[in-house]
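Every number for a ligand or one of its atoms is a count from 1 in the order of the listing. As a basis for the values below, the full set of heavy atoms in this structure was taken, side chains included, without hydrogen atoms, waters or symmetry mates.
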Amino acid sequence: MKKIVVTGAGGFIGHHLVTELKQQGHWVRGVDVKAPEFCATAADEFLLLDLRRWENCLHATRGVEEVYALAADMGGMGFISAHHAQILHNNALINLHTLDAARENGVGRYLYTSSACVYPEFLQTMTDVVPLKEDDAYPAQPQDAYGWEKLITERLCLHYREDYGMETRIVRFHNIFGPLGTWEGGREKAPAAMCRKVALAKLTGKTEIEIWGDGEQTRSFCYIDDCVTGLMRLMASDYAQPLNLGQDRMVTINQLADMVAKIAGARITKTHIAGPQGVRGRNSDNSRLRQVLGWEPMISLEDGLARTYAWIEQQVAVKRQPTA
Ligand code: NAD
């Protein structure tokens with residue numbers, strides 16, 4: 001049994017990670033500015049702390065062996081493309097302070113959650129994009145401030161290992177989705193937004209759903225259970241360079257909408273509107289993931305979407321009920 005901290009434990013991935021770490025018998029402290037929205041935490045201790053502040057980070061990382069650093073001011077494309085200053089400022093403070101506080105407290109292992117958003121725009125201009133290998137991150141040209149901040153913190157983690165001997169691990173997520181994630185309000189990501197739109201179409205009979213751009217932009221999507229498994233495997237590994245964690249099956253956003261509609265048994269008509277689309281195409285090259293972890297995500301997109309859709313349809317239905 002280890003003593004472990006998960007920052008961002010009130011968020012989507014952090015909440016699922018805490019649940020799994022508890023199931024494996026560890027002692028877990030969750031830290032976030034908010035409690036999980038949809039379900040009580042399984043953490044032994046949950047601290048409500050703003051990790052932009054150094055003294056809060058010292059408190060958060062005290063007396064533990066491992067830190068999973070997931071706290072971030074983030075959201076889907078709509079949010080990321082419209083809040084550059086806020087994202088760079090807040091996330092830089094969170095990451096500078098959390099990493100250094102962990103060093104000060106003698107934490108043995110520190111896993112930082114980076115993103116596929118670090119990859120250069122110039123490699124992602126086509127829908128049939130070549131899958132991105134870890135080394136493709138340089139020369140750097142991330143699309144948004146979110147990606148630049150992730151890249152800088154990756155480097156900080158590498159240097160903390162070299163200069164201070166702290167074992168740092170770096171994961172680059174490719175579009176993680178699943179139940180208990182944000183599904184409305186502006187920070188939701190494409191799979192959750194699509195499930196919400198399709199659920200609304202099904203429940204109201206209004207079949208039209210809006211899609212940002214022509215819907216031909218491509219992505220790969222990874223289900224949350226695979227993400228949590230990958231995170232724990234990477235933390236236990238001796239691999240200290242950045243590692244992709246995602247699926248390598250690419251679909252268009254139009255295909256994603258059709259898949260969700262099929263799962264829902266709903267008829268939809270797609271209306272394409274102007275909106276932030278991010279890069280034109282993105283996929284994960286999982287060669288190194290397979291080599292390093294001897295494993296890769298295995299839950300199919302259809303299976304993951306079915307589980308996610310069921311949960312979001314229920315959320316939408318509850319919200320539509322008139323309050324007594
Ligand atoms: P999330 O937004 O659900 O969780 C992030 C959590 O961080 C939130 O609960 C938020 O309240 C918390 N937080 C924000 N500011 C804070 C602060 N000042 N102090 C303490 N907590 C703070 O996001 P998620 O999808 O669970 O993502 C987890 C991590 O993975 C993030 O670092 C994110 O950038 C990264 N990531 C996620 C994806 C994805 O597809 N979900 C993709 C790439 C990278």
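- Side-chain contact between Ile224 and Phe177: absent, with no pair of heavy atoms (C-beta onward) separated by less than 4.5 Å.
- Summary of contacts: the protein heavy atom closest to atom 20 (C) of ligand 1 is Leu49 O, 3.3 Å.
- Salt-bridge check for Glu302 with Arg249: passed, with a basic side-chain N closer than 4.0 Å to an acidic carboxylate O.
- The aromatic rings of Tyr164 and Tyr160 sit perpendicular, their planes meeting at an angle over 60°, well past the 30° parallel limit.
- Between the side chain of Ser284 and the backbone N or O of Gly246 there is no donor-acceptor pair closer than 3.5 Å.
- Among protein heavy atoms, atom 18 (N) of ligand 1 sits closest to Asp50 OD1, 2.8 Å.
- Comment: Arg280 does not engage Glu216 in a salt bridge, judged by the lack of any side-chain N to carboxylate O separation of less than 4.0 angstrom.
- Using a 4.5 Å cut-off on side-chain heavy atoms (C-beta onward), Trp295 and Pro297 make contact.
- Counting only heavy atoms of the protein, atom 3 (O) of ligand 1 lies nearest to Phe12 N, 2.8 Å.
- In terms of protein heavy-atom proximity, atom 12 (C) of ligand 1 is closest to Asp32 OD1, 3.2 Å.
- In this structure, Pro139 and Phe122 have side chains that are in contact, with non-hydrogen atoms separated by less than 4.5 Å.
- In the candidate list Tyr112, Phe177, Phe173, Phe221, Phe173 is nearest to atom 36 (N) of ligand 1, counting heavy atoms.
- Among all protein heavy atoms, the one lying closest to atom 14 (C) of ligand 1 is Ala72 O, 3.2 Å.
- Relative to atom 15 (N) of ligand 1, the option among Val31, Ile87, Ile94 with the closest non-hydrogen atom is Ile94.
- Annotation: atom 19 (N) of ligand 1 to nearest protein heavy atom, Leu51 N, 2.9 Å.
- Contacts between Ala9 and ligand 1, counted as non-hydrogen atom pairs separated by less than 4.0 Å, are absent for every part of the residue.
- Among protein heavy atoms, the minimum distance from atom 38 (C) of ligand 1 is reached at Lys189 NZ, 3.5 Å.
- Summary of contacts: the protein heavy atom closest to atom 26 (O) of ligand 1 is Ile13 N, 2.8 Å.
- In this structure the side chain of Val64 reaches within 4.5 angstrom of the side chain of Arg29, judged on heavy atoms.
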